[in-house]
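Just so it is clear, the values below take in all heavy atoms, side chains as well, and ignore hydrogens, waters and symmetry mates. Here is the naming used below: chain letters follow the sequence lines, and residue numbers restart at 1 for every chain.
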2 protein chains.
Amino acid sequence: MAVREQIRVGGRSARIQSAVHQAVRDLSATTPRDELTVPQIAAEAGVTPSTIYRRWGDLGALLADVAVERLRPIAEPDDTGSLQTDLKAFVDQYAEEMSSPVGRALMRDVFASAESFPVQCAGFTCNHLATIAARAKARGEQPFDVDEVIDHVMAPIIYHILYDDREITPAYCHALLARLLSLPQPR
Amino acid sequence: MAVREQIRVGGRSARIQSAVHQAVRDLSATTPRDELTVPQIAAEAGVTPSTIYRRWGDLGALLADVAVERLRPIAEPDDTGSLQTDLKAFVDQYAEEMSSPVGRALMRDVFASAESFPVQCAGFTCNHLATIAARAKARGEQPFDVDEVIDHVMAPIIYHILYDDREITPAYCHALLARLLSLPQPR
DNA sequence: ACATTAACGCAAAATATTTGCGTTAAGGCT
DNA sequence: AGCCTTAACGCAAATATTTTGCGTTAATGT
C-alpha cells in the first residue's frame, strides 16, 4: 500500500511522524523484525494504530519509509584531496554500512515495498558519486563516469550482499575500483 | 518465520504442498500481491489456513518459497555452439525474465524473506554459468571466470532492476558482455 | 480571527493469526 | 502385509491485527 502524500505537514502531523519513526528505530533495535507489529509501534509512539494504518498503509510501507530516512546521507562525501581517495573512502563506507546487519535489514525493508523507495536510495548513491566526480573535475583530474562506477563497483557489492551473504572486504572493494580506474576511459 | 523442514514428505503432505503452490501461482496471476491473503490461498487450495501457518509460518515465507521454485531452472542452458553465443543467450533470457513484471515480483518475494532463499537463486545463476564455462573448456575455447561474469554482467543487470526500474535492453546486456570478454583475462 | 477540512482518537466490526485437541495417514518396524 | 508411532492435518475457539464510521482537534488559507 502507498504512503499517503500529506497535505498538512506541520505541527501535530510532524510530531506524529517523528514519534512513529523514532518508535520504529527504538523497537527494531531490540526486537526481531518479524515480530514487530503496528499496534506495538503505535503504543511506543503514543498514537493509535489506526493513525499508522491510515498514514502508511501497512507495516511494510512504514518500515520502508523509515529505512529510506536512515539510508539518506546526512552529509556530503568527505573531500580527501583526490579522486582516488575520495572514491575509495566512499566505497569503503558504503560497503561497510550496507553489509552490516543493520544495513542488510534496511535494504530488505526498502526492497520489500512495492514502491519507489529503491529509486530514492539509488539517487543517494548517484548524487554522492556525482559530487565526487564534480570535485575531481574542478581539481583538473581526469573525471570518471558515474554510471561505470555504479555498474562495476556498487552493483557487485550489492549483489553479493543480497544473494550470497558474502562478507564484503575492503580488499574486494579496492580491487573493483582499481580494475575500473585502470581501464581505458570509454569514449 | 521459517519454512519448517518436513519429516514426512510423501502422500498427503506432497499433495498439499503442490496444491498450495498452485493456488499461489493461480491467485497471483489475477490478484495484486498486497491483497493476497493466507485464508484466500487456503480456500483456493482446499486446505485450512492453519495448515499453511504451521507449515510456512507466514505469507511472506510462502511467497518466497513459491518464488524460488518458479525461478529454479527447468533445463540446462541452451548449447548454441560457442562460448560467446551461449553466454549471450543466457544473459538475454535472464535479463528478460528478471526485468519482466513477474520477475520483479518474484525477486521482491525472495528478498523480502529473511532466510536463505536468495542464496538458492544465486546458486541457479552460478550453476548455469559454470555449465557454460565447462562446455567452453570442453570445446577448447578460452574459458571465462564465472565470478567475473557475475560481478560485471549479472550484478549490474540486477542493480538496475532493483534500484532504478530501468528498462534492461539487449543492447545494454551485450555491451556488458562485450566489455568483459574484450578485457585481458586476469591472472 | 475565522472557516474549512485534513488528520487524528476512539471504539466497534471485520479479518487474520495462533493454539488446543481430536483425527488421519506417512514412515518405520517386525 | 499388518501394526505402531507420531508428524501433519482439520476444526473451532481464542487472540491479535486491520479496517471503518464518526466525533474531535488543529493545520492551513483567507
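- Mapping B/Gln40 and B/Ile7 onto DNA chain C by nearest heavy atom places B/Gln40 closer to the 5' end of the strand.
- A perpendicular orientation is assigned to the rings of A/His128 and A/Phe90, their planes being inclined by more than 60° (bins at 30° and 60°).
- The distance from atom CD of A/Gln17 to atom C1' of D/dA27 is 15 Å, rounded to the nearest whole Å.
- The distance from the CG atom of B/Leu162 to the CZ atom of B/Arg104 is 8.5 Å, given to the nearest 0.5 Å.
- What separates CD1 of B/Ile52 from P of C/dT18 is a distance of 12 Å, to the nearest Å.
- We find that CH2 of B/Trp56 is positioned 12 Å from C1' of D/dA8, with the value rounded to whole Å.
- A cation-pi arrangement is absent between B/Arg166 and B/Tyr159, since the terminal nitrogen or guanidinium carbon is not both under 6.0 Å from the aromatic centre and inside a 45° cone about the axis.
- Rounding to whole angstrom units, CZ of residue A/Arg8 and C1' of D/dT24 are separated by 13 Å.
- With C/dT4, D/dA7, D/dC11 as the choices, the nucleotide that has an atom nearest any side-chain atom of B/Thr48 turns out to be D/dC11.
- Per the geometry, CD1 belonging to B/Ile41 stands 17 Å off P belonging to C/dT15, to the nearest Å.
- In this entry the distance linking CG of B/Leu36 with C1' of C/dA16 reads 14 Å, nearest Å.
- Counting to the nearest Å, the P atom of D/dT24 and the CZ atom of A/Arg12 are 14 Å from each other.
- Where B/Val47 and A/Ser13 meet DNA chain D, the nucleotide closest to each residue was compared, and B/Val47 sits on the side nearer the 5' end.
- The CG-P distance, from A/Leu59 to D/dT19, rounds to 12 Å in whole Å.
- For the pair B/Thr51 and D/dG10, the criterion of a side-chain N or O lying under 4.0 Å from OP1 or OP2 is met.
- Remark: A/Ser50 is not in phosphate contact with C/dG9, judged by side-chain N or O atoms under 4.0 Å from OP1 or OP2.
- Looking only at distances, a side-chain donor or acceptor of B/Ser99 sits under 3.5 Å from a matching main-chain atom of B/Ala95.
- One can find a donor-acceptor pair under 3.5 Å joining the base of D/dG10 and the side-chain atoms of B/Arg54.
- With DNA chain C read from its 5' end, the first of the two nearest nucleotides for A/Glu5 and B/Arg15 is the one closest to A/Glu5.
- Close to C/dA16, at under 4.0 Å from its OP1 or OP2, lies a side-chain N or O of B/Thr37.
- Between A/Arg55 and the phosphate of C/dC8, there is a side-chain N or O to OP1/OP2 separation shorter than 4.0 Å.
- You'll find the ring centres of B/Tyr163 and A/Phe117 outside the 6.0 Å limit.
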